[in-house]
Each structure stands twice: as C-alpha cells, then as structure tokens.
Amino acid sequence: MSASGTLLDRLTGWLADYLRRPIKGFEPPAAYSADQLGAVLQPGDVLLVEGNLRISSIIKYITQSTWSHVALYVGPQPGAQGNDPPVLIEAEMAEGVILSPLSKYANSHTRICRAIGLRPDDCERVVAHALGRIGHAYDLKHVIDLARHRLSPRSVAETLKRGLRALGSGLPTRAICSSLIAEAFQSVRYPILPTRRMVPCRETPADRIDDCLEEAWEARHFSLFAPSDFDVSPYFTVVKPSPVEDFDYTRLQWAH
C-alpha cells in the first residue's frame, strides 16, 4: 500500500471515529420503549431515528430534518433467541449493514412509517432484499456526497443535467442507512418520492405518431435518498404507538 493510501485510511478512520461520538446533553423530545415499538411494528415498516451522534447532527442539518437514521423492521429471524432478538436491519458507520434489537432505540425519538398498500409478497421481497445486504460495509463517501448534493445551490434537475445520477463510492457492497432501505423498496417498484414526466406513448395512434405523449413515473436513484424522505413521502403513513397502557390524560400529574 502506498504512503498516500495509508494516510487517507488514517484520515478516514479519524473522521469516522469523530463522527461516531455522542453529543453531550442531547435529550429526545419524545420517546417510546422497546415494548411500545414492538407492539405495533410489522415487517416492512421503516423506523426513523433522531440520533445523538455527531454524524446525526450533520445529517439533520444537511437534510433540514429531525431524522438522521433509518432502519427496516424485519421481525425475528429463524433461530433468534431471547426476549430482545435482532429485528431491525440498518447500516451503521462502524459495523456496516447489521441486524439490531429494538432495545437499541428504546427511549430514542423515533417514528414508524408504513408503506401504504404494500402487497404481502412484495413486503417479503423488500425484507429479503435488505437481509441480503447484511455484511456490506458503510459508505462514508456517500455521506460526504449527500452533503454536497443537498447543500448545493443548484436544483436537483440541474444536478441531474450535469450527469449526477448517483452518490457514493458506487460499490455494490457499500451502503448508508437510507440508500439501503430505499433500494429495498425500489426493488419491488414501490414509490418513495418519484417524479413524473411526459414520455412518448407506448401505443401511439396512427394519427399522432409525432406528438403523442403520456405521463410516466420515474424513480430517483436510491443513493439520493435521506432518512427524512420516508417521512415526507405521501406513500408512507405514520404509525404511532400508544403513549402508555390505558392512557387517560385526566389522570396525569402536572408539575404546575
């Protein structure tokens, strides 16, 4: 390995270590326990998380959103044991694509987004697609590219005209949290935030060969998505757990 390659690896390692450090004094505005989340989560649900790491604050800033991380609920896998089995698939900076238990995000600020009308067989394909990525590495270059893309004064349309169709290293064995989940849903052609454009008619009438156009949907590349896009998408509905069992606001003890 060259000296320049060694230096780059050291700088990348230092940056990753810095970004993984927690922010002192962070307190989530609202939180659910693992039991509350587990009571409503279904395979295929998207779990948004407001993280408390330095990289979380960067992602929230560049996306102008509360959400800095996203995971996919896949349910307990065959052979899982214990009361807190790994049920979430996610891409973490240190570990890459892994399975995690719900307790990891207990008492974190979270939001559940559920794909509207997703067919059971397609839901299984989404889950299987994500599970097939376990072991892939985290794409730190993707985060840097996402920042440049989101903070650019140019519009998305102008960016695409310049040839930017995807972000990150381009390696199929690397991912970040949002690209991992977006790719899984796009594998069954489920929309997240598609664009619509006019294209030539597939069946053109004989008298309109030159001017027949029809509307078609076009998906953005999965690498262009951020966690907040699942919250913004009109094709995902928000599911909220009950705040506490037998909730009755009239029995709350107020400080003042």
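Just so it is clear, the values below take in all heavy atoms, side chains as well, and ignore hydrogens, waters and symmetry mates. Computed from a predicted structure; not experimentally measured.
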Under a single-linkage rule joining Ile, Leu, Val, Met, Phe, Trp and Tyr whose side-chain heavy atoms are separated by less than 4.5 Å, which residues share a cluster with Tyr73? Tyr32, Leu37, Val40, Leu41, Leu47, Val49, Val87, Leu88, Leu102, Tyr105, Ile112, Val239

Using the side chain to side chain contact (heavy atoms under 4.5 Å, CB included) rule, take Thr110 and Glu50 through it: C-alpha gap first, then chi angles, then the decisive distance, then the call. CA-CA 6 Å; Thr110 55; Glu50 182 180 11; over 6 Å; no

Sub-3.5 Å donor-acceptor pair from the side chain of Ser103 to the main-chain atoms of Ala106, do we have one? no

Among residues at least two apart in sequence or on other chains, which ones pass side chain to side chain contact (heavy atoms under 4.5 Å, CB included) with Ala219? Gln186

Heavy-atom pair with the smallest gap, counting every atom of Leu193 and Ser233: CD2-CA, 3.8 Å

Thinking salt bridges, do Lys104 and Glu90 make one under a 4.0 Å N-O criterion? yes

Let me see the working for Ser178 and Asp229 under side chain to side chain contact (heavy atoms under 4.5 Å, CB included), right down to the final yes or no. CA-CA 9 Å; Ser178 50; Asp229 290 330; over 6 Å; no

Side chain to side chain contact (heavy atoms under 4.5 Å, CB included) involving Pro191 - partner list, sequence neighbours excluded: Pro194, Trp217, Tyr235

Is it the case that over 12 heavy atoms from other parts of the model lie below 6.0 angstrom from the CG atom of Asp248? yes

Test of understanding: with salt bridge (Lys or Arg N to Asp or Glu O under 4.0 Å), list the residues that count as partners of Lys240, not counting sequence neighbours. none

Minimum heavy-atom distance between Ser242 and Gln36, given as atom pair plus value: O-NE2, 2.9 Å

Which pair of heavy atoms, one from Leu180 and one from Ala91, lies closest together, and at what distance? CD2-N, 4.0 Å

Which is it for Ile89 and Ile98 under the side chain to side chain contact (heavy atoms under 4.5 Å, CB included) test, yes or no, and what are the steps along the way? CA-CA 6 Å; Ile89 187 166; Ile98 58 173; over 6 Å; no

To check you understand the geometry: which heavy-atom pair defines the closest contact between Val74 and Gln77, and what is its length? O-NE2, 3.3 Å

Would you list the pairs meeting salt bridge (Lys or Arg N to Asp or Glu O under 4.0 Å) in which at least one residue belongs to residues 176-185, sequence neighbours left out? Arg133-Glu183

Which pair of non-hydrogen atoms, one from Ala80 and one from Pro76, has the smallest distance, and what is that distance? CB-CB, 4.4 Å

Going by salt bridge (Lys or Arg N to Asp or Glu O under 4.0 Å), name the residues that satisfy it together with Arg125, two or more places apart in sequence or in a different chain. Asp121, Asp122

Specify the closest pair of heavy atoms between His136 and Gly132, including all atoms of both residues, with the distance to one decimal. NE2-O, 4.3 Å

What orientation do Tyr190 and Phe236 show, parallel under 30°, tilted 30 to 60°, or perpendicular over 60°? perpendicular

